[in-house]
Student: 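Shown below is the structure under consideration.
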Amino acid sequence: MRPTRPEFVPDPSLSRAEMESLQREVAAAADFSDDLSFEPASVSLATESLVPADDRPLVAGVDQAFLDDHAVSAVVVLRGGEVVERAHAVSELSIPYIPGLLSFREGGPILDAVAELDCEPDLFVFDGSGRIHFRQAGLATHMGVVLDTPAIGVAKSLLCGEPRESVDERPEGWQTPVVAADGVEPRAGVDGDGFAETVVGYAYQSRQYPNSMKINPLYVSPGHRVSAETTVELVARLGGEYKLPEPTRLADSYADEVKRDY
DNA sequence: GCGACAG
DNA sequence: ATCTTGTCGC
C-alpha cells in the first residue's frame, strides 16, 4: 500500500519550523468525524461472526522496535481474531525523538513497512497520539492523512490536553474525555469558539486489577476519519486480555521478533 | 526563566 | 523506545 497524499509524507530533513507548518497542514486536512467503510459495531476479535468474512474490516496494528539508528517497523493485519497478513521493514533513522515531532522520526520507517503490505486495511491502529497533539497532528493523524485511511492513536501516556476527571485508580472499562485545554492549538479557520472544551480524545482504562487499582489508563485519540467517541469504542472492541489492543500487541511482538533475528 | 513533553 | 533478574502475586 502506497501514500495517497505524498505531499504530506514527513521529511526528516525539514527545519523544525517547516515540520510544524507541515503538521498544521496535515491537521487542516484531517477529518475528525466518522468516515469509515465499516460499522464500528462489526469490529471484534471473535473468530466466528454472522457477518461474512469478506465484509469484516481489516484492522492493522503498527508498532516499532529500535536498534541504534535503525527502526524495525511492523504491521500486523487482523480480520476478526485472525492474522491475515504481516509486513515489516528495517529503516535508518535520521533524527532523534523530539516530543511533538515523532512522525518525522518514525513516519518514514512506518511507511516503508506499510509499502510491503499487499492488502489495504480499513483501519490503522498506531502506537502514539493522533489528535491529542500540540498541533492536532500526532503520528496517527499524520499517517492516516498520508494514507487517507481511517486511523486511531493509542498512547500509554498523555502528551497534552486535559482529562476532565482524575484518571487515578479507575475500574476497568472506565473512560473520560480529554479536552483541548492545556496545550492543543486550534486549527486556523477550522476550529472556532470554545475550542478549549473540544474533546480531542479519551483516557480509557482498558485493564485494571480487581482490588489494587494501579494500572494507568490508555490515551486514545482520532487519527483520521474517526471521531473521538468511535475511537474509544474501537479500542474497547479490539481489546483482549492485555492493556494494549490486540493489533498493537501483535505488531509489538512481531517487531521484537524481527529485531531479534536481525 | 520555568515547566512539560507520544516513542 | 531501550538497558535488564529476579521476584511478588494470582
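Per chain, numbering begins at 1; letters A, B, ... match sequence-line order. In this text, all values refer to a predicted model and were calculated from it rather than measured experimentally. Heavy-atom basis, side chains included; hydrogens, waters and symmetry copies ignored.
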Student: Can you tell me how far P of dG7(B) sits from NZ of K156(A), to the nearest Å?
Tutor: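 Nearest whole value for this atom pair: 4 Å.
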Student: Please classify the nucleic acid contact of L93(A) as base, sugar-phosphate, or nothing, using heavy-atom distances under 4.0 Å.
Tutor: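 L93(A): no heavy atom of the nucleic acid under 4.0 Å.
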Student: Taking the six-membered ring for Trp, does Y97(A) stack with dG7(B) (centroid gap under 5.5 Å, planes within less than 30°)?
Tutor: yes
Student: Would you say the ring centroid of H142(A) lies under 6.0 angstrom from that of F8(A)?
Tutor: no
Student: In whole Å, I'd like the distance from the CG atom of L102(A) to the C1' atom of dG7(B).
Tutor: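 From L102(A) CG to dG7(B) C1': 5 Å.
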Student: With distance as the sole criterion, is a donor-acceptor pair present between the side chains of N216(A) and Q205(A) under 3.5 Å?
Tutor: no
Student: Could you tell me how far apart F66(A) (CZ) and dT2(C) (P) are, to the nearest whole angstrom?
Tutor: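 Result: 7 Å.
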Student: I need the CZ-P distance between R260(A) and dC3(C), as an integer number of Å.
Tutor: 14 Å
Student: Just the rounded figure in Å: distance from P of dG7(B) to CG of D63(A).
Tutor: 9 Å
Student: Out of dG7(B), dC5(B), dT2(C), which has the shortest distance to the side chain of A155(A)?
Tutor: dG7(B)
Student: Tell me if the centroids of the rings in H224(A) and F32(A) come within less than 6.0 Å of each other.
Tutor: no
Student: Send over the distance from Y202(A) OH to dA6(B) C1', rounded to a whole Å.
Tutor: 20 Å
Student: Short question: side chain of K259(A), backbone of F66(A) - any donor-acceptor pair under 3.5 Å?
Tutor: yes
Student: Just call it for Y219(A): base, sugar-phosphate, or nothing, with non-hydrogen atoms closer than 4.0 Å on any strand.
Tutor: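 Nothing: the residue Y219(A), judged by heavy atoms under 4.0 Å, touches no strand.
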Student: Between L67(A) (CG) and dG7(B) (C1'), how many Å, whole number?
Tutor: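 About 15 Å, once rounded to whole Å.
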Student: Heavy atoms from C-beta onward define the side chain here; which of dA1(C), dC5(B), dT2(C) lies closest to that of P99(A)?
Tutor: dC5(B)
Student: Taking the cut-offs as 6.0 angstrom to the six-membered ring centre and 45 degrees off its axis, would you call R105(A) and Y97(A) a cation-pi pair?
Tutor: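 No, cation not above the ring by the 6.0 Å, 45° rule.
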Student: With a non-hydrogen cut-off below 4.0 angstrom, is S157(A) in contact with a base, only sugar-phosphate, or nothing?
Tutor: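 Contact class for S157(A): sugar-phosphate only.
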Student: Side chain of E106(A) only, heavy atoms from C-beta on: which candidate in dT2(C), dG7(B), dA6(B) is closest?
Tutor: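 For E106(A), the side-chain atoms sit closest to dG7(B).
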Student: Quick one: label A65(A) by what it contacts on the DNA or RNA (base, sugar-phosphate, nothing), any heavy atom closer than 4.0 Å.
Tutor: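 Since only primed, P, OP1 and OP2 atoms lie under 4.0 Å of A65(A), the category is sugar-phosphate.
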Student: Using whole Å, what does the distance between atom C1' of nucleotide dA1(C) and atom CG of L139(A) come to?
Tutor: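 L139(A) atom CG is separated from dA1(C) atom C1' by 13 Å.
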